[in-house]
There are 2 protein chains.
Amino acid sequence: MATRTVEDYIKRIYLEQQAGLELVPFGRLASAMDVVPGTVTTMVKALADSGLVGYEPRQGVRLTPAGEMLALHVLRRHRLIELFLVRVLRFDWSEVHDEAEELEHAVSERLIERIDELLGRPGYDPHGDPIPDATGRVAQRNLESLSSARSSGRGTIARIADQDPEFLRYATDRGLIPGAVLTVESVDPIGESIRLVVGDRSLTLGRTAAAKILVAWASPLGSDLDRVDAGTNG
Amino acid sequence: MATRTVEDYIKRIYLEQQAGLELVPFGRLASAMDVVPGTVTTMVKALADSGLVGYEPRQGVRLTPAGEMLALHVLRRHRLIELFLVRVLRFDWSEVHDEAEELEHAVSERLIERIDELLGRPGYDPHGDPIPDATGRVAQRNLESLSSARSSGRGTIARIADQDPEFLRYATDRGLIPGAVLTVESVDPIGESIRLVVGDRSLTLGRTAAAKILVAWASPLGSDLDRVDAGTNG
DNA sequence: CTCACTATTTTGAACACTCAAATTGGAATA
DNA sequence: TATTCCAATTTGAGTGTTCAAAATAGTGAG
Ligand SMILES: [Mn+2]
Ligand SMILES: [Mn+2]
Ligand SMILES: [Mn+2]
Ligand SMILES: [Mn+2]
């Protein structure tokens, strides 16, 4: 059985790859895992020995198919737990991440199956992240970051790519939650801000905040000039 | 923060003391924790260093007040989780122990508080074990083991002192569950068996099986000649 | 009082994970 | 081309938990 540490490393590598890196640099992994670089070198070698990752010395790590399977299972547990905490235990979506970070390593396959069943086999967690099914399959969506909007338009918020409780509470206060319909009023590329309307509120977001809001546009719009590089959590 | 291992040792020592030992012998702890004796010697020293236990060399260990507090908190988590799994997730009471054994180390204080609230601040877990409150207070009951019955009589099953799924399923099949009313028909001290009626069923139990059934007698009856020495789990 | 037996302790080692600090490799720069 | 710089690696060490196997202490039997 993979230890808690191994599961967290593998999940992290998966999320970094998901965010666009083919090969995750050791330094990035070190800061994401909050350990010193030498620790990553050691761990990556151990992970490679157990067949979960491959790596190019001085270049970075990449998951093997076995590693990806493990990552998907951990992510499945994490996201189902988050949704369970929100739906059944009435936690706020801003405070479930840390709890899930622990529980994801403690729940049995049987318990996760019960939770999945009780929740009606949901496809997405409270933050809009897709929940892999028991075989590891994940729904693919073509979302665009609000920061990539080039002109005004209308869309639905599908995902918030940040787990920080403070940001999530800020988003909640402004109605920026998955499912909410939003209208881009204007974009200021030089000032790096975007004006929008959500419900009956009108607000302005800066580029990095906007980058965390993933939207499904009602009509084709926006460009893919800047990559969706936010969202490295579960 | 106490590690998972420390929490399990402390809980085990508490339960052994609860079962009548003032000073828990190292060998007993070793077999209960499924480690070799030398490991216990090492661990007990470490636990003593952190102020959770005291010990007499070659005699045994005993919890300090700090150790007892920790034990009660772990037991609280364990038992609330068991009840939650039964009530909310519809697990069978025979299969919740192992799951709780893991989760008890992963849940936050906040989550346990939610669960406690959701369940209506219950006093007992599915096996009839008392649930300590947030301050560590536990209900005290004067229960007697069915194996201590000396003559016929009537009582209510209050606790089943065994976590083995097989035994629990056996008990379920015969209606031997907490809350069930039972009548002792006859006791055979030589043959070490006891005949009883539960609901509309009549059955015979041997001494060790009967020792695991803890009863609150309807009328004063039975003796306390043999100690309640079963029941070393949570 | 001595022997044998058993429970406990000691010793030396391992595994998983981590750090601090010194070293090295490679890429970009001058 | 030689230098500089940063990322990655190596080395040596420490913590927590565990084992196998040898040594020891205390008990009870003879
Ligand atoms: Mn985690
Ligand atoms: Mn999430
Ligand atoms: Mn446990
Ligand atoms: Mn129980």
Side-chain angles (χ1 to χ4, degrees), chain A residues 1-13 16-17 19-63 66-67 70-71 74 101-102 104-106 232, chain B residues 1-13 16-17 19-62 66-67 70-71 74 101-102 104-106:
Chain A
M1 266 286 86
T3 64
R4 189 208 133 97
T5 308
V6 166
E7 291 190 340
D8 281 337
Y9 269 92
I10 294 300
K11 188 178 58 167
R12 192 80 253 155
I13 296 167
E16 297 294 336
Q17 289 195 182
L21 288 317
E22 2 51 68
L23 215 44
V24 183
F26 293 81
R28 178 179 261 262
L29 194 46
S31 61
M33 296 300 295
D34 202 30
V35 292
V36 94
T39 302
V40 168
T41 303
T42 308
M43 266 311 285
V44 165
K45 280 178 185 162
L47 295 174
D49 285 348
S50 41
L52 295 169
V53 307
Y55 69 101
E56 313 287 344
R58 296 182 183 269
Q59 301 291 292
V61 223
R62 159 179 32 233
L63 295 182
L70 176 55
V74 179
E101 202 55 60
E102 293 298 318
E104 66 187 358
H105 313 292
T232 50
Chain B
M1 264 290 87
T3 64
R4 189 208 134 98
T5 308
V6 166
E7 290 190 343
D8 281 337
Y9 269 91
I10 293 299
K11 188 178 59 167
R12 191 81 255 153
I13 295 166
E16 297 295 335
Q17 289 194 183
L21 287 318
E22 2 52 68
L23 216 44
V24 183
F26 293 82
R28 177 178 261 260
L29 193 47
S31 60
M33 296 300 294
D34 202 30
V35 292
V36 306
T39 301
V40 167
T41 303
T42 307
M43 267 310 286
V44 165
K45 280 178 185 162
L47 295 174
D49 285 348
S50 40
L52 295 168
V53 307
Y55 69 101
E56 313 287 345
R58 295 184 182 267
Q59 300 292 293
V61 223
R62 158 178 35 231
L70 176 55
V74 178
E101 201 55 59
E102 293 298 319
E104 66 188 357
H105 313 291

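In what follows, every heavy atom counts, from backbone to side chain, and hydrogens, waters and symmetry copies are set aside.
Note on Lys45(A): a side-chain N or O is less than 4.0 Å away from OP1 or OP2 of dT10(D). Contact annotation: Thr42(B) side-chain N/O to dG16(D) OP1/OP2 distance is not under 4.0 Å.
The side chain of Phe26(B) lies closest to dT8(C) when the candidates are dT9(D), dT18(D), dT8(C). For Thr3(B), whose side chain is taken as the heavy atoms from C-beta onward, the closest listed nucleotide among dC19(D), dT17(D), dT9(C) is dT17(D). Looking at the side chain of Val36(B), the nearest of the listed nucleotides dA20(C), dT10(D), dC19(D) is dC19(D). For Thr39(B), taking side-chain heavy atoms from C-beta onward, the closest of the listed nucleotides dT9(D), dC19(D), dT17(D) is dC19(D). Picking from dA25(D), dT18(D), dT9(D) the nucleotide with the shortest atom distance to the side chain of Tyr9(B) gives dT18(D). Counting only heavy atoms from C-beta on, Arg58(A) has its side chain closest to dA7(D) among dT10(C), dA7(D), dA16(C). For Pro57(B), taking side-chain heavy atoms from C-beta onward, the closest of the listed nucleotides dT9(C), dT18(D), dA16(C) is dT9(C). Out of dT10(D), dT17(D), dC19(C), the shortest distance to the side chain of Val6(B) is found at dT17(D).
Side-chain contact between Met33(A) and Asp8(A) is present, with at least one heavy-atom pair separated by less than 4.5 Å. Taking the side chain as every heavy atom from C-beta outward, Ile13(B) and Leu52(B) never approach each other to under 4.5 Å.
Among the atoms of the strands shown, base atoms are found under 4.0 Å from some heavy atom of Thr41(A).
Between Arg28(A) atom CZ and dA7(D) atom P there is a gap of 12 Å when expressed in whole angstrom units. Rounding to whole angstrom units, CD of residue Gln59(B) and C1' of dT8(C) are separated by 11 Å. Following rounding to the nearest Å, Leu21(A) (CG) and dA7(D) (P) show an atom-to-atom distance of 14 Å. At whole-Å resolution of the value, CD in Glu56(B) and C1' in dT8(C) are 14 Å apart. If you take CG of Leu23(B) and C1' of dA7(C), they are 14 Å apart, rounded to a whole angstrom. Atom NE2 of His105(A) is separated from atom C1' of dA16(C) by 15 Å (rounded to the nearest Å). Counting to the nearest Å, the C1' atom of dC19(D) and the CG atom of Asp34(B) are 12 Å from each other. Taking atom CE on Met43(A) and atom P on dC19(C), their separation rounds to 12 Å, with Å as the unit.
Nearest-nucleotide positions on DNA chain C place Arg4(A) closer to the 5' end than the other of Arg4(A) and Gly38(A).
In this structure, Asp49(A) places its CG atom where more than 12 heavy-atom neighbours from other residues, nucleotides or ligands lie under 6.0 Å away.
Pairing each heavy atom of Glu22(A) with each of Gln17(A), the nearest pair is O-OE1, 3.7 Å.
For the atom pair CE (Met43(A)) and OG1 (Thr5(A)), the distance works out to 6.0 Å, reported to the nearest 0.5 Å.
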